[in-house]
**Q** 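I'd like to ask you about the structure that follows.
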Amino acid sequence: MRIPGWLLSISRTVLVLAMPLVLLFSPLYLFATPGFVRHEYSLRDFPPSERFAPEERLRISDTILHYLRNKATLADMSEETTDSGEIALLPSEVQHLVDVKVVMDGIFAAHAVAVGLGLVAALLLWFSPRRHWLPTALRQGVWLMGGIIAFILVFSFIDFDVFFTRFHQIFFQPGTWVFYETDTLIQLYPLPFWMD
């Protein structure tokens, strides 16, 4: 089968651009899990919760993560209670998590599209006379991802608070993601969690 040159050029570009999305978003499948939260909570210097006992903290966090990964409903999350029987999340926290889920669902969809398009592009290049473009495109995609990671690391190391704020300003409405230290979301996921 003869593949047109223009399609191979597009495939090369698609593969270069798909690689950063695949590499950047793949770890989210690991990070948005109860196992990762347990790992963080077990770290010696990780701040304890002022409001929740360790098992209570894990239980509430698990419900939130299950909601974000479509294993629990919005009602399950918004009706989650503390050990003392109070509703665990404020309405503003529930709304923020609804917004977070929209962003995460978008990221997972973009990841799936990038994987699909990247595979098609790679196969087209593999079965063409320009097979030598395949490793070059993969390298360029990895280098592009390296540049993105370097930018993020430098920006976050210079001032993590500014980085954290800018990130939230991109994805969320002003004021909808700011909470008090004693609010449940901060008690579950303090700043060191996000820095890690």
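The residues of the chain are indexed from 1 along the displayed sequence. None of the values given here were measured: they were computed from a predicted structure. Below, each value reflects all heavy atoms present in this structure, side chains not excepted, and no hydrogens, waters or symmetry copies.
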**Q** Just by modelled atom types, is the W126 backbone N or O under 3.5 Å from a matching donor or acceptor in the R131 side chain?
**A**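 Yes; at least one donor-acceptor contact below 3.5 Å.
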**Q** How long is the span from the CG atom in D161 to the CE atom in M195, to the nearest 0.5 Å?
**A**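 D161 CG to M195 CE: 8.0 Å, rounded to 0.5 Å.
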**Q** Can you list the residues that meet the salt bridge (charged side-chain N to carboxylate O under 4.0 Å, His left out) rule with R38, with sequence neighbours excluded?
**A**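 Scan of R38 (salt bridge (charged side-chain N to carboxylate O under 4.0 Å, His left out), adjacent residues dropped) gives D62.
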**Q** Short question: side chain of E93, backbone of T184 - any donor-acceptor pair under 3.5 Å?
**A**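 At least one qualifying donor-acceptor pair exists.
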**Q** Looking at every non-hydrogen atom in both residues, tell me the closest pair between L97 and L68 and how far apart they are.
**A**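 For L97 versus L68, the nearest heavy atoms are O-CD2, 3.7 Å.
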**Q** Decide whether L89 and Y180 are clustered together by the hydrophobic rule: side chain heavy atoms of Ile, Leu, Val, Met, Phe, Trp, Tyr closer than 4.5 Å, transitively.
**A**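 Hydrophobic grouping puts L89 apart from Y180.
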**Q** Go through it in stages, so that I can follow the logic: the residues are R51 and T182, the test is side chain to side chain donor-acceptor pair (under 3.5 Å), and I'd like the CA-CA distance, side-chain angles, deciding distance and then a yes or no.
**A** CA-CA 7 Å; R51 289 182 50 206; T182 55; 6.0 Å; no
**Q** So F52 and L188, side chain to side chain contact (heavy atoms under 4.5 Å, CB included) or not? Walk me through it.
**A** CA-CA 9 Å; F52 304 118; L188 298 179; 4.3 Å; yes
**Q** Tell me if the aromatic rings of W177 and H96 count as close, with their centers under 6.0 Å from one another.
**A**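 Ring-ring flag for W177/H96: false, centres at least 6.0 Å apart.
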**Q** What is the distance from atom NE2 of H111 to atom CG of L24, rounded to the nearest 0.5 Å?
**A**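 Reported to 0.5 Å precision, the distance equals 9.5 Å.
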**Q** What is the ring orientation for F164 with W194, classed by angle as parallel under 30°, tilted 30 to 60°, or perpendicular over 60°?
**A**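 Judged by the thresholds at 30° and 60°, the geometry between F164 and W194 is tilted.
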**Q** Determine, using the 4.5 Å side-chain heavy-atom cutoff (strictly less than), whether M77 and V102 are members of one ILVMFWY cluster.
**A**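 No, no single cluster joins them.
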**Q** Transitive ILVMFWY cluster of I158 at side-chain heavy atoms under 4.5 Å: who else is in it?
**A**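 I158 shares its hydrophobic cluster with V154.
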**Q** What distance do S61 atom OG and Y41 atom OH have between them, rounded to the nearest 0.5 Å?
**A**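 S61 atom OG to Y41 atom OH measures 4.0 Å (nearest 0.5 Å).
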**Q** Run through the side-chain heavy atoms of Ile, Leu, Val, Met, Phe, Trp and Tyr, join any pair under 4.5 Å, and report what else lands in V22's cluster.
**A**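 So far as hydrophobic clustering goes, V22 is joined with V115, L119.
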**Q** Would you mind reporting whether D76 and Y67 have side-chain heavy atoms less than 4.5 Å apart?
**A**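 The answer is no, as the side chains (C-beta and beyond) never meet within the 4.5 Å cut-off.
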**Q** Ignoring hydrogens, what is the shortest heavy-atom contact between S49 and Q187? Give both atom names and the distance.
**A**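 The answer is OG-OE1, 2.8 Å.
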**Q** Of the non-hydrogen atoms in L65 and P34, which two are nearest, and what is the gap between them?
**A**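 Smallest heavy-atom distance, with atoms named: CD1-N, 3.7 Å.
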**Q** What heavy-atom pair brings P192 and E40 nearest, and what distance separates the two atoms?
**A**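 For P192 versus E40, the nearest heavy atoms are O-OE1, 4.2 Å.
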**Q** Give the intermediate values and the outcome of side chain to side chain contact (heavy atoms under 4.5 Å, CB included) for residues I64 and L185.
**A** CA-CA 10 Å; I64 290 170; L185 286 180; 4.0 Å; yes
**Q** Under the side chain to side chain contact (heavy atoms under 4.5 Å, CB included) criterion, do L21 and V113 qualify, and how do the steps go?
**A** CA-CA 9 Å; L21 294 178; V113 169; over 6 Å; no
**Q** With rounding to the nearest 0.5 angstrom, report the NE2 to CZ distance, H39 to F31.
**A**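 The distance works out to 9.0 Å.
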**Q** When rounded to the nearest 0.5 angstrom, what is the spacing between OG1 in T136 and CG in L15?
**A**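 If I round to the nearest 0.5 Å, the distance is 10.5 Å.
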**Q** Return the set of residues passing side chain to side chain contact (heavy atoms under 4.5 Å, CB included) with R59 (not counting sequence neighbours), or none when no residue passes.
**A**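 R59: side chain to side chain contact (heavy atoms under 4.5 Å, CB included) contacts with E56, E80, D83.
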**Q** A quick test of your reading: do over 12 heavy atoms of other residues, nucleotides or ligands sit less than 6.0 Å from CD of Q169?
**A**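 Result for CD/Q169: enclosed.
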**Q** Is there a path of hydrophobic side-chain contacts, each under 4.5 Å between heavy atoms of I/L/V/M/F/W/Y residues, joining I87 to L74?
**A**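 In one cluster with L74: I87, no.
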**Q** Is it the case that one hydrophobic cluster holds both V14 and W143, taking links as side-chain heavy atoms less than 4.5 Å apart, direct or via other members?
**A**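 V14 and W143: separate clusters.
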**Q** Applying ring pair (Phe, Tyr, Trp, His ring centres under 6.0 Å), name anything that partners F193, two or more places apart in sequence or on another chain.
**A**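 Only F36, Y189 meet the ring pair (Phe, Tyr, Trp, His ring centres under 6.0 Å) criterion with F193.
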**Q** Can you check side chain to side chain contact (heavy atoms under 4.5 Å, CB included) on F163 and I152, steps first, answer last?
**A** CA-CA 8 Å; F163 170 76; I152 291 171; 3.7 Å; yes
**Q** Is the gap between the ring centers of F160 and F155 under 6.0 Å?
**A**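 Not under 6.0 Å, so no.
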**Q** Drop me the distance from T63's OG1 to H66's NE2, to the nearest 0.5 angstrom.
**A**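 Result: 7.5 Å between the selected atoms.
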**Q** Side-chain contact, heavy-atom cut-off 4.5 Å: L90 with D183?
**A**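 When only atoms from C-beta onward are counted, D183 and L90 do touch, with a gap below 4.5 Å.
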**Q** Can you establish whether the number of heavy atoms outside R166 located under 6.0 Å from its atom CZ is more than 12?
**A**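 Not buried by this count: 12 neighbours or fewer within 6.0 Å.
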**Q** Which heavy atom in Q140 sits nearest to a heavy atom in R12, and how many Å separate them?
**A**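 Closest heavy-atom pair between Q140 and R12: NE2-NH2, 3.8 Å.
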**Q** When hydrophobic residues are tied together by side-chain contacts of less than 4.5 Å, even through go-betweens, does W6 share a cluster with L134?
**A**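 Yes; tracing contacts between hydrophobic side chains, which count when under 4.5 Å, links both residues.
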**Q** Can you see which heavy atom on F179 is nearest to which on T176, and at what distance?
**A**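 Smallest interatomic distance, heavy atoms only, reads CZ-O, 3.6 Å.
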**Q** Residues two or more places apart in sequence or in another chain: which of them pass side chain to side chain contact (heavy atoms under 4.5 Å, CB included) with L7?
**A**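 Result, side chain to side chain contact (heavy atoms under 4.5 Å, CB included) vs L7: I3, P4, S11, L124.
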**Q** When you compare the side chain of R69 with that of T33, does any pair of heavy atoms fall below 4.5 Å?
**A**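 With C-beta onward as the side chain, the pair touches.
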